[in-house]
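The sequence lines fix the lettering, A, B, ..., with proteins before strands; numbering per chain opens at 1. Just so it is clear, the model here is predicted, and its values are computed rather than measured.
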Amino acid sequence: MQVKFPYSFDRKDTTISILDRFSTLEPASHTGTNVSVAGRVMLMRPQGKLAFARLVDSTGSIQLFATQDDSELFSEFSKLSIGDWIGASGEVITTRKGELSVRVQEWVLLAKTKRGFGDKWKGISDVDLKYRQRYVDLWANPESRSILQTRSKTIAFIRRYLDELDFVEVETPVLHPIAGGASAKPFVTRHNALDIELYLRIAPELYLKRLVVGGFEKVYEIARVFRNEGMSPRHNPEFTMLELYQAYSDYEDGIELIEDLISSLARELIGTTQISYQGRSLDLEPPWERKSMCELISKSLGEPIDLDVEYSHLLSLCKDKAIEVKDEWGPGKLILELYEKICESELWGPIIVTDFPQEVSPLARSHRSKVGFTERFELIIAGRELVNAFSELCDPVDQRDRFQAQAQLKETGDEEAMAVDEDYLRALEYGLPPTMGLGMGIDRLVMLIADVASIRQVIAFPTLRPEAI
RNA sequence: GCGCCUCUAGCUCAACGGCAGAGCAACGGACUCUUAAUCCGCAGGUUCUGGGUUCGAAUCCCAGGGGGCGCACCA
């Protein structure tokens, strides 16, 4: 006797395990092996006193074969809709045409669907609909589910990799009294009992370095961060960053670590370091090309560019490139703008761009030999900034000066400039050892590994304008 | 925020100034080996919304809304 909508179902077998065990049967075989499977009916082909259904679970799918002779509930079975959840048990067989199937002896309806799952062949492709009703997209378009599985594997790999290097995974506050650690506009929220405004974090950086001060020599956090900025195929208002900090190390160590992490990840998930992204090839085998920011600009412009070039000349170069210059910008900012305007879009990578001007790197340690620069690098892969890292600024006096320069920018209207964080300065006064810090956009990394063009594809529920229902 | 494109049945799409259609899904039926099964039948619409032009608008124009892409900002 069939019970509808039971509270549980004893699923003993996944579809993939059945496929693995019985992949080489002749047509019209009987195995004598009984299995019980559960999942969603995604195709139903009733044929008189026979019915064929495709049962899909999270591991794959298998055909269900039912006949009137075997099952007193045959007629109900043959009326199942696409999308219904069922549990079924019976013998593993192959049909006359050789299709591996479960010959249904017993089955139970676990949940009924009242809505359609889109076009049988094309699924759903309306981008808005896909993300508003992700639960439909994930069934109708198996590729969508596969991409999220790749995301899960990527993050699991990163954890395994860092754990093996004795990194400690930590969690730091999401609600910040001062939004620091990056240049970005924060979301503002409010704590009623404390009667204060709080900011959703734009980066975990300053808290992680406090932990290094506190004695954690290798820490990381896989951190959801929030930036109140425009959206695009490469930007979601909330996204996930990996940030890691390693004491006694500098940015050269960071380059080595990230080269090994990303190339190992590609080997593990794709099977090779020779990958392609959106039709263009990428060689992720280390070592990667390294160029300083000024080298890149100099090459593009065909003249030597450095911080000792006359300010007025940098200004005229910016003007030539239609860069809107603000009065308070110094030469370092002009150099960064030139790089971003004329070099960055030409880079495909992987390439390590090193030595950013100090003026635009308020948390990075001054370069040991290049005056006015910092020991900072960004990693460009597939034309996108994937990693930002540096030898951390440890000197509380220097850090206070940098914060104050940022605070001045904020006063002149730069909404993304940093504020002075007195507690962070106090932490530095207790002593931060030489430390390498590195941040990586996880969503963009997954885009690269899964070879997809839009960040929304790698986020289960990307931010959308609320629907008027 | 600005520019360009787009919105038609539950889904995927046609019709592009002259009766709003197809395939799939749904619904009813036939069928004992299907593979996007096939066949018969039936039903399904504020053509995103509002205004305008026109004898006549899904189609042209204006405004608004949703979405996409590009620019800007960033990871």
Task: rG10(B) OP1/OP2 closer than 4.0 Å to side-chain N/O of R115(A) - done: no
Open item on the list: Measuring from the side chain of E416(A) (C-beta onward, heavy atoms only), which nucleotide among rA36(B), rG67(B), rC73(B) has the closest atom?
Closed with: rC73(B)
Task: Q47(A) (side chain) and rU32(B) (base): donor-acceptor pair under 3.5 Å - done: no
Task: F65(A) and F52(A) aromatic centres sub-6.0 Å - done: yes
- [ ] Select one nucleotide: of rC69(B), rC13(B), rC31(B), the one nearest the side-chain heavy atoms of S125(A).
- [x] rC13(B)
Open item on the list: Counting the atoms with a prime plus P, OP1 and OP2 as sugar-phosphate, which does R456(A) contact under 4.0 Å by heavy atoms, base, sugar-phosphate, or nothing?
Closed with: sugar-phosphate
Open item on the list: Any side-chain to backbone donor/acceptor pair from E259(A) onto W288(A)? Under 3.5 Å, distance only.
Closed with: yes
Task: Nearest to side-chain heavy atoms of V127(A), which nucleotide of rG68(B), rC33(B), rU35(B) - done: rG68(B)
TODO: Measure from the side-chain heavy atoms of E229(A) and tell me the nearest of rC73(B), rC11(B), rG70(B).
DONE: rC73(B)
Task: Side chain D84(A), main chain V41(A), donor-acceptor under 3.5 Å - done: no
Open item on the list: Nearest whole Å is fine: how far is rC7(B) P from L129(A) CG?
Closed with: 16 Å
Task: Minimum-distance nucleotide to P233(A) side chain [options: rC33(B), rA25(B), rG70(B)] - done: rG70(B)
- [ ] Go ahead and name the base partner of rC39(B); Watson-Crick or wobble counts if both distances stay under 3.5 Å, otherwise write none.
- [x] rG29(B)
- [ ] Can you figure out which of rG66(B), rG68(B), rC11(B) approaches the side chain of R132(A) most closely?
- [x] rG66(B)
Task: Who pairs with rC2(B) - Watson-Crick or G-U, where each distance is under 3.5 Å - done: rG70(B)
Open item on the list: Going by purine N1 to pyrimidine N3 plus the second Watson-Crick contact, or the G-U wobble pair, all under 3.5 Å, which nucleotide sits opposite rA63(B)?
Closed with: rU49(B)
TODO: Ignoring hydrogens and angles, answer whether the base of rG67(B) and the side-chain atoms of D126(A) contain a donor-acceptor pair closer than 3.5 Å.
DONE: no
- [ ] Dump the intermediate steps for ring-ring contact (aromatic ring centres under 6.0 Å, His included) on W85(A) and W139(A), then the final yes or no.
- [x] CA-CA 12 Å; W85(A) 294 86; W139(A) 280 103; 5.4 Å; yes
Task: Whole angstrom value for the distance that separates C1' of rC33(B) from CZ of F65(A) - done: 6 Å
Task: Note: K326(A)-D414(A) ion pair, threshold 4.0 Å (strictly below) - done: no
Task: Who pairs with rC13(B) - Watson-Crick or G-U, where each distance is under 3.5 Å - done: rG21(B)
Open item on the list: Over all strands shown, is G441(A) touching base, sugar-phosphate only, or nothing at heavy-atom distances under 4.0 angstrom?
Closed with: nothing
Open item on the list: Measuring from the side chain of S81(A) (C-beta onward, heavy atoms only), which nucleotide among rG66(B), rC27(B), rG70(B) has the closest atom?
Closed with: rC27(B)
- [ ] Could you check which of rA72(B), rG68(B), rU35(B) has an atom nearest any side-chain atom of S232(A)?
- [x] rA72(B)
